[in-house]
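When a residue number appears, it is its place in the shown sequence, counting from 1.
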Amino acid sequence: MASIKDVAAAAGVSVATVSRVLNAHPSVSADARSRVLAAVAALGYRPNAVARSLRTDQTHALGLVIGDVLNPYFTELARSVEEAARALGYSVIIGNADERPDLQDHHVRTLLDRRIDGLLVSPAPGDSPLLLDAARAGTPVVFVDRWIPGAEVPVVRADGRRAVRDLVAHLHLLGHRRLAIIAGPAGTTTGSERVAAFRDALAAYGLPLTDELIGHGDFQAASGRRVTEGFLDLPEPPHAVFAADNLMALGALDAIRARGLRMPDDIALAVFDDIPWFVHTDPPITAIAQPTGELGRAAVRALVDRIEGRTAESVTLDARLVVRRSCGAPAPVLIPPTSPMRRSTPVQRSTP
């Protein structure tokens with residue numbers, strides 16, 4: 001394996017000049033830079049990343065801690081983060097919190113010990129003093145998807161309130177009046193925010209969201225099934241169920257099928273977080289889609305800005321409603337004229 005001395009000899013320059021070229025130092029002449037790069041290519045030289053990080057105090061590695069690697073939303077998010085980071089010259093080390101704050105802290109501690117340059121985190125339910133301490137100590141941190149209220153950390157997220165309003169308008173137009181929600185953990189910002197958005201959207205139509213129509217899950221399929229079974233056991237089951245994430249929707253779908261019920265004739269189902277296989281169910285499932293790829297890219301840009309000393313701002317993107325057939329025949333989405341809400345952008349329709 002070629003060494004930096006071999007590159008220097010082949011290029012006819014000093015080892016220091018080679019080092020300056022590899023670290024993009026501006027003081028090297030164009031001719032010397034060209035000869036060094038040609039020698040690097042010819043010899044197949046690969047710099048020692050560990051040694052270079054000790055010299056520069058940078059590892060060019062980012063840490064990403066996600067809620068659940070089995071959740072297709074987080075899998076897609078991780079992929080977009082990795083692609084965006086690689087394009088900027090960074091690698092990514094991923095930790096799966098499995099929706100547990102203790103496991104999240106384990107990954108944060110491990111990543112800090114490995115001297116990563118910055119952290120992207122989608123916080124798990126519950127407190128995380130270690131994460132907040134890392135941010136206060138100067139570690140570049142960006143929250144993605146979820147956040148910790150009050151923390152002075154940039155947040156990259158999707159706003160689903162408008163899409164939830166569009167969903168409720170769609171359900172109302174199809175004649176569904178008794179609507180229930182499988183909520184995520186109240187200890188997560190996404191869990192509480194989606195319930196609030198659903199409640200507000202129902203209020204625009206004068207529809208109540210009673211306690212019996214709110215079931216709390218944990219962003220896992222088993223909780224979605226348990227909550228849906230409870231809804232179906234009510235003296236008056238809901239006309240439609242809105243699952244606040246895709247894994248809980250999978251559990252809801254299992255419960256509906258186990259009872260021999262048909263969608264949308266017996267009950268409607270809609271989901272927050274669209275994933276590719278929702279078009280392959282029978283019927284295809286209506287869902288709220290987040291711009292997952294752009295969220296990942298924006299989060300990496302914000303984190304790299306912080307690492308490299310630039311100002312990083314929070315970013316909020318809009319989610320959108322994708323109407324399919326799980327709630328009934330697709331119909332235009334109308335916001336009631338008495339509602340103070342902003343008019344929604346056109347709804348994307350998918351009719352597989």
Are [X] and [Y] packed together at the side-chain level, in the sense that at least one heavy-atom pair is separated by less than 4.5 angstrom?
X    : Y    : value
F242 : L171 : no
F198 : L179 : yes
V227 : H216 : no
L111 : L119 : yes
L232 : I267 : yes
I93  : L62  : no
P154 : E313 : no
L120 : V142 : yes

task = Could you check D68 against N96 for side-chain contact (heavy atoms from CB on, under 4.5 Å), going step by step and ending with a plain yes or no?
result = CA-CA 6 Å; D68 183 358; N96 173 35; 4.2 Å; yes
message = Once salt bridge (charged side-chain N to carboxylate O under 4.0 Å, His left out) is applied, what residue pairs with a partner in residues 207-219 remain, sequence neighbours excluded?
response =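 Counting only pairs at least two positions apart or across chains, the salt bridge (charged side-chain N to carboxylate O under 4.0 Å, His left out) contacts touching residues 207-219 are R178-E212.
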Salt-bridge contact E193-R146 (side-chain N to carboxylate O under 4.0 Å) =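 Looking at R146 together with E193, the answer is no, because their closest N to O distance does not fall below 4.0 Å.
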Name the atoms and distances for all side-chain donor-acceptor pairs under 3.5 Å in residues 248-262, with sequence neighbours left out.
from, atom 1, to, atom 2, distance (Å)
R259, NH1, D233, OD1, 3.2
R259, NH2, D233, OD1, 3.0

query = Got a second to check how far Y45's OH is from S3's OG, nearest 0.5 Å?
reply =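 Going from the OH atom of Y45 to the OG atom of S3 covers 7.5 Å.
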query = Given a cutoff of under 4.5 Å between side-chain heavy atoms of I, L, V, M, F, W and Y, with clusters grown through shared members, what are the other residues clustered with L103?
reply =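 Joined to L103, directly or through intermediates: none.
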inquiry  = Which residues pass the side chain to side chain donor-acceptor pair (under 3.5 Å) test with R100, not counting sequence neighbours?
reply    =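 In terms of side chain to side chain donor-acceptor pair (under 3.5 Å), with neighbours along the sequence ignored, R100 is linked to D102.
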Which residues share a ring-ring contact (aromatic ring centres under 6.0 Å, His included) with [X], sequence neighbours left out:
X    : result
F231 : none
F143 : none
H172 : Y205
F272 : none

message = If only side-chain N and O atoms count, and only distance matters, is there a donor-acceptor pair under 3.5 Å linking D113 with T110?
response =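 T110 vs D113: no donor-acceptor pair found between side chains.
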request  = Start with the C-alpha gap between I288 and V322, add the side-chain angles, then the distance that decides, and say whether side-chain contact (heavy atoms from CB on, under 4.5 Å) holds.
outcome  = CA-CA 6 Å; I288 290 173; V322 181; over 6 Å; no
inquiry  = Holding to salt bridge (charged side-chain N to carboxylate O under 4.0 Å, His left out), I want the full list of residues that pass it with R35, two or more places apart in sequence or in another chain.
reply    =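 Scan of R35 (salt bridge (charged side-chain N to carboxylate O under 4.0 Å, His left out), adjacent residues dropped) gives D31.
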With sequence neighbours excluded, residues passing side chain to side chain contact (heavy atoms under 4.5 Å, CB included) with A186 =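 For A186 there are no side chain to side chain contact (heavy atoms under 4.5 Å, CB included) partners, ignoring immediate neighbours.
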Any donor-acceptor pair under 3.5 Å from S314 side chain to V155 backbone =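 It does hold such a pair.
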Show me, pair by pair, the donor-acceptor contacts under 3.5 angstrom made by side chains of residues 69-79, not counting sequence neighbours?
from, atom 1, to, atom 2, distance (Å)
N71, OD1, Y73, N, 2.9
N71, OD1, N246, ND2, 3.1
N71, ND2, D245, OD2, 3.2
Y73, OH, D145, OD1, 2.9
T75, OG1, V69, O, 2.8
T75, OG1, N71, O, 3.2
R79, NE, E83, OE2, 3.3

query = Where is the tightest heavy-atom contact between T59 and D117, given as atom of each residue plus distance?
reply =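 For T59 versus D117, the nearest heavy atoms are N-OD1, 3.0 Å.
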query = Quick one: side chain to side chain donor-acceptor pair (under 3.5 Å) pairs with a partner in residues 289-300, sequence neighbours left out?
reply =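 Listed once each, the pairs are D273-Q290, E294-R297, E294-R301.
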